[in-house]
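In what follows, every heavy atom counts, from backbone to side chain, and hydrogens, waters and symmetry copies are set aside. The model shown is predicted, which means the values in this text are computed figures rather than measured ones. In what follows, residues are counted from 1 in the order of the sequence shown.
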Amino acid sequence: MALLKIHEPGQTPMPHAEDRKLAVGIDLGTTNSVVAVSRDDTPEVLRDISGGAAIVPSVVYYGADGAVIVGADAFARINDDASRVVSSVKRLMGRGIEDVKSIAGTLPYHVEIPEDASANGDNGPVMVRLNVGDRVLTPVEVSADILRALKIRAESALEQDIEKAVITVPAYFDDGARTATKDAAKLAGIEVLRLVNEPTAAALAYGLDNGAEGLYAVYDLGGGTFDISLLRMQKGVFQVKATGGDAALGGDDFDHAIAEYLLADRRAQNLADDVDTSAAKRLLKTARGIKESLTVRDDIDITLDLNEVISTHHISRAQFDDMIRPLVDRTVAITERVLDDADILPDEIRGVVLVGGSTRVPMVRAAVAALFGQEPLSNIDPDEVVALGAALQADALTGGSGNLLLDVTPLSLGLETMGGIVEKVIDRNTPIPVAKGQEFTTYQDGQSAMMIHVVQGEREMVDQCRSLARFVLTGIPPMAAGAARIKVTFQVDADGLLTVSAREETTGVEQEVAVKPTYGINEGEMANMLRDSMVNARQDMELRLLTEARVEARRNILAVEAAMKMDQELLTSDDSKAINTAIDRLQAAMALDDRDVINDLAEALDGVSRPFAERRMDRGIRTALAGHNIDDVARR
């Protein structure tokens with residue numbers, strides 16, 4: 001039998017306080033990862049056993065003996081056993097084979113691409129797999145190993161089991177990448193309390209640290225991704241006003257630019273520049289060191305040994321700036337677009353928060369300062385600020401005070417309608433969590449099923465957007481076209497993950513699907529979606545209007561033909577000839593691209609069929625009134 005616990009007066013704990021376990025915040029980064037904890041609204045990063053390093057390089061070594069080593073020790077082994085080392089795996093989270101075919105040659109590891117990339121059949125595209133030594137691993141498994149190492153560090157530092165965490169993701173991670181991140185955490189034995197966008201976590205850390213309120217920009221340039229978010233902080237509420245970014249732009253690209261320069265310089269010296277996968281890893285490691293050195297130095301001399309062919313090189317800060325200028329300009333262009341989306345001028349921004357190790361590069365800081373007309377904030381380590389914010393949110397979700405975070409959807413979510421048109425249900429930059437519904441109806445008489453096709457993107461036509469999921473709503477009662485009422489509801493949770501349900505209102509028949517893509521948006525697609533939507537806005541709208549005109553014309557033709565078949569006796573030979581001629585002319589116009597002609601001929605069909613429609617209506621009224629006198633009708 002359990003005994004009662006007796007406490008001194010005034011020392012009685014809050015209910016369940018003794019059962020409350022700490023949850024941590026994790027920044028699972030492309031280049032480096034960090035774990036932090038918050039107690040009494042005071043966050044701190046958790047360091048290694050010596051109390052020194054806070055960051056854990058997101059690098060994993062898989063030994064021939066089965067050993068799995070994560071962090072600095074794994075990074076050091078690139079020089080000796082590069083074929084067993086994986087780095088920058090975050091760029092492949094949630095992606096499929098088709099997504100990486102175009103970039104596989106530039107990755108610092110070998111991607112396994114089977115001859116039949118559709119071998120999964122109904123299970124969707126084949127998941128990316130990496131050949132690492134004698135192992136074949138998915139990005140989810142590699143990320144899980146990194147998360148396990150962070151979990152072990154936290155448990156060692158806090159001297160207790162850690163089972164829950166808030167994990168941060170780039171704001172522009174799509175559904176596939178977010179789902180892959182949660183899967184990796186589950187594999188590592190971590191329950192994800194919430195996925196928080198990295199810029200939002202950084203703003204949370206700065207807001208509580210500085211007591212700041214107002215409109216802020218968070219410029220997040222990490223190893224593999226770039227995000228820019230505009231947030232309004234007011235009375236404990238952090239609301240994302242707009243967000244943008246590039247899912248494949250970051251410090252890794254700076255490293256690649258330096259590596260390409262070194263190879264070009266070797267060619268200029270008439271030296272061999274062929275590199276295999278292992279040599280490429282060593283070259284990128286050298287390039288990263290050069291980048292970090294030029295962050296604090298004006299120039300550097302390098303001796304490079306590739307495949308036992310030695311070369312020497314000299315790189316200045318100015319040369320480095322020229323290498324990365326196009327990449328930095330891309331981040332500025334994206335930032336300007338987000339400001340335009342939110343209808344905000346740069347001088348309205350109270351402060352600019354820098355996040356990510358790549359923001360240490362002087363050219364990056366200078367570009368941000370020039371754009372906003374002010375020096376960016378950097379009093380919190382850009383490598384640690386995201387984990388600190390995640391820790392604060394973890395504390396809040398497990399019983400702390402906490403602030404309210406209102407993230408947004410980065411891209412619009414919608415449905416395919418007749419003609420391949422996208423009907424947007426949830427617009428981009430909508431605060432989440434959110435639920436929105438919209439009613440649709442059937443297109444044909446007697447239709448008993450409807451295909452629900454969920455898409456993501458900003459363009460007007462389905463084939464210009466990203467397909468997320470398909471399912472069929474069956475059991476719709478056979479009715480006349482347009483009579484059924486089908487409500488489709490989109491629900492996006494706080495993690496940015498989508499659930500779609502469809503319900504036929506008259507019968508209550510319902511279907512629901514949790515949208516879990518097997519892969520994410522490819523490296524150029526996500527960043528291009530918004531740009532394409534603006535560049536092609538006029539063309540997209542004209543195509544949409546043309547398609548709508550064709551759909552409406554087809555609907556009218558079907559309705560008239562059904563009426564002619566049902567009430568042939570009301571048709572004169574002249575009526576039939578005129579109507580059929582009008583239908584033929586309209587169908588011919590529908591094959592062309594002139595919307596005005598289609599609409600004019602649709603009106604012509606209405607005109608020639610009007611006498612027939614009026615006779616049908618007169619007969620319907622006479623039938624309804626048969627057997628009733630005027631007084632009966634008046635009383636009704």
Side-chain angles (χ1 to χ4, degrees), residues 22 24-39 42-63 67-81 85-90 142-160 162 165-168 188 190 198 201-202 205 209 220-224 250-252 254-255 281 284-297 354-361 378-392 394:
L22 285 175
V24 296
I26 294 176
D27 174 13
L28 182 61
T30 305
T31 306
N32 297 305
S33 296
V34 182
V35 59
V37 69
S38 176
R39 286 171 284 201
T42 303
E44 62 174 320
V45 298
L46 300 176
R47 304 182 182 276
D48 60 24
I49 54 175
S50 65
I55 62 173
V56 176
S58 300
V59 182
V60 188
Y61 170 80
Y62 293 93
V68 177
I69 300 172
V70 177
D73 288 345
F75 186 62
R77 292 172 187 256
I78 290 177
N79 290 334
D80 301 323
D81 199 0
V85 179
V86 180
S87 61
S88 299
V89 76
K90 183 175 177 178
V142 178
S143 295
D145 285 327
I146 298 171
L147 288 170
R148 283 192 193 95
L150 296 171
K151 183 175 185 285
I152 291 170
R153 170 175 287 197
E155 290 177 338
S156 175
L158 300 172
E159 297 183 344
Q160 63 174 274
I162 297 297
V166 167
I167 299 179
T168 61
I190 299 172
E198 290 164 3
D209 183 67
D220 183 355
L221 185 61
D252 282 0
F254 294 3
D255 300 343
K281 290 180 182 180
L284 288 172
K285 180 181 179 183
T286 299
R288 184 188 299 184
I290 294 171
K291 174 184 68 179
E292 293 171 353
S293 294
L294 290 175
T295 296
V296 295
R297 296 173 56 179
L354 294 182
V355 180
S358 298
T359 60
R360 288 192 171 91
V361 174
S378 57
N379 53 308
I380 299 181
D381 188 322
D383 280 321
E384 299 178 3
V385 62
V386 169
L388 293 173
L392 286 165

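With a 4.5 Å cut-off on side-chain heavy atoms, V166 and I26 do not count as touching. With contacts defined as side-chain heavy-atom distances shorter than 4.5 Å, the pair D81/Y62 does not qualify.
Looking at every heavy atom in both residues, G251 comes nearest to S358 through CA-OG, 3.2 Å. Across every non-hydrogen atom of A205 and G389, the tightest pair is CB-N, 3.8 Å. Closest of all the heavy-atom pairs between L354 and P382 is O-CB, 3.9 Å. A pairwise comparison of heavy atoms in R47 and A54 identifies NH1-CB, 3.3 Å as the closest pair. Across every non-hydrogen atom of A391 and P43, the tightest pair is CB-CB, 4.5 Å.
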Inset, instruction - Determine, stepwise, if the pair K90 / T31 fulfils side-chain contact (heavy atoms from CB on, under 4.5 Å). - result: CA-CA 9 Å; K90 183 175 177 178; T31 306; over 6 Å; no
Inset, instruction - Report the C-alpha separation of S58 and T30 in whole Å, then their side-chain angles, then the decisive distance to 0.1 Å, and conclude whether the side-chain contact (heavy atoms from CB on, under 4.5 Å) test is met. - result: CA-CA 6 Å; S58 300; T30 305; over 6 Å; no
Inset, instruction - Report the C-alpha separation of I190 and L150 in whole Å, then their side-chain angles, then the decisive distance to 0.1 Å, and conclude whether the side-chain contact (heavy atoms from CB on, under 4.5 Å) test is met. - result: CA-CA 10 Å; I190 299 172; L150 296 171; over 6 Å; no
Inset, instruction - Apply the test side-chain contact (heavy atoms from CB on, under 4.5 Å) to residues L46 and L158: give CA-CA distance (whole Å), side-chain angles for both, the deciding distance (0.1 Å), then the verdict. - result: CA-CA 9 Å; L46 300 176; L158 300 172; 4.1 Å; yes
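Here the options are V35, V24, I162, the test is side chain to side chain contact (heavy atoms under 4.5 Å, CB included), and the partner is R153; only V35 passes. Partner of L28 under the side chain to side chain contact (heavy atoms under 4.5 Å, CB included) criterion, chosen from V386, L147, V56: L147.
The structure places CD1 of I167 at 10.5 Å from CG of D27, a figure rounded to the nearest 0.5 Å. The OH atom of Y61 sits 9.0 Å away from atom CG of D80, with the distance rounded to the nearest 0.5 Å. Between the CG atom in L388 and the CG atom in D383 there is a gap of 11.0 Å [rounded to 0.5 Å]. Atom CD1 in I290 sits 11.5 Å away from atom OG1 in T295 (nearest 0.5 Å). In this structure, OG1 in T168 is found 8.5 Å from CG in D220, a value given to the nearest 0.5 Å. To the nearest 0.5 Å, atoms CD1 (I146) and OG (S33) are separated by 5.5 Å.
Here E292 does not pair with R360 in a salt bridge; the nearest charged N to carboxylate O distance is not below 4.0 Å. By the 4.0 Å N-to-carboxylate-O rule, E155 lies close enough to K151 to be salt-bridged with it. Note on R148 versus D145: salt bridge recorded, some NZ/NE/NH1/NH2 to OD/OE distance being below 4.0 Å.
Without hydrogens or angle criteria, S156 side chain to I152 main chain gives no donor-acceptor distance under 3.5 Å.
D252 and S88 are linked by a side-chain donor-acceptor pair at a separation below 3.5 angstrom, with hydrogens and angles left out of the test.
Residues that satisfy the side-chain contact (heavy atoms from CB on, under 4.5 Å) test with D73, not counting sequence neighbours, are I69.
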